[in-house]
Amino acid sequence: MSVPAEATYADGSTGTLTIQLTGWIPGPAYGETEAVRTSRIHTRTGPLGTTAAIFHQVGELDPARNGRRSR
């Protein structure tokens with residue numbers, strides 16, 4: 001799934017980037033790394049013995065916006 005995200009730079013300006021998200025049951029699909037993995041998830045009917053993960057992802061930011069203000 002692709003979703004828009006907004007980055008706020010140190011100088012207060014903003015920029016938009018798109019990040020791709022993997023659901024927590026399949027493995028990483030967009031170059032993410034696993035931040036946390038578990039062997040159980042909780043559902044409405046109780047615990048379910050299946051692996052799931054929360055992923056860490058790095059987004060591309062504008063290198064020209066380093067937060068310095070020109071004088």
Side-chain angles (χ1 to χ4, degrees):
M1 166 192 323
S2 295
V3 296
E6 184 175 272
T8 301
Y9 295 91
D11 65 359
S13 65
T14 60
T16 302
L17 63 145
T18 300
I19 58 173
Q20 295 177 298
L21 302 174
T22 300
W24 25 309
I25 294 178
Y30 302 108
E32 309 97 326
T33 57
E34 287 184 9
V36 177
R37 175 158 289 281
T38 183
S39 61
R40 180 181 307 212
I41 62 172
H42 292 272
T43 68
R44 292 178 191 206
T45 59
L48 178 63
T50 187
T51 58
I54 296 174
F55 300 102
H56 173 262
Q57 190 176 82
V58 176
E60 300 267 336
L61 299 177
D62 183 349
R65 297 191 205 187
N66 61 8
R68 295 185 189 154
R69 295 182 182 191
S70 59
R71 295 181 185 217

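On a predicted model such as this, the values are computed, not experimentally measured, just so you know.
Under the side chain to side chain contact (heavy atoms under 4.5 Å, CB included) criterion, Thr45 pairs with Thr43, sequence neighbours left out. Taking the side chain to side chain contact (heavy atoms under 4.5 Å, CB included) definition, one finds that Pro26 meets it with Thr22, sequence neighbours left out. Not counting sequence neighbours, Thr50 has no partner by the side-chain hydrogen bond (donor to acceptor under 3.5 Å, both in side chains) test. Judged as a side-chain hydrogen bond (donor to acceptor under 3.5 Å, both in side chains), and not counting sequence neighbours, Thr38 has no contacts.
Ile25 belongs to a hydrophobic cluster with Trp24, Ile41, Leu48, counting contacts under 4.5 Å between side-chain heavy atoms of Ile, Leu, Val, Met, Phe, Trp and Tyr, direct or through other members.
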Quiz: residues 51-61 side-chain donor-acceptor pairs under 3.5 angstrom, not counting sequence neighbours:
unit_1	atom_1	unit_2	atom_2	d
Thr51	OG1	Arg37	NH1	3.3
Gln57	NE2	Gln20	O	2.6

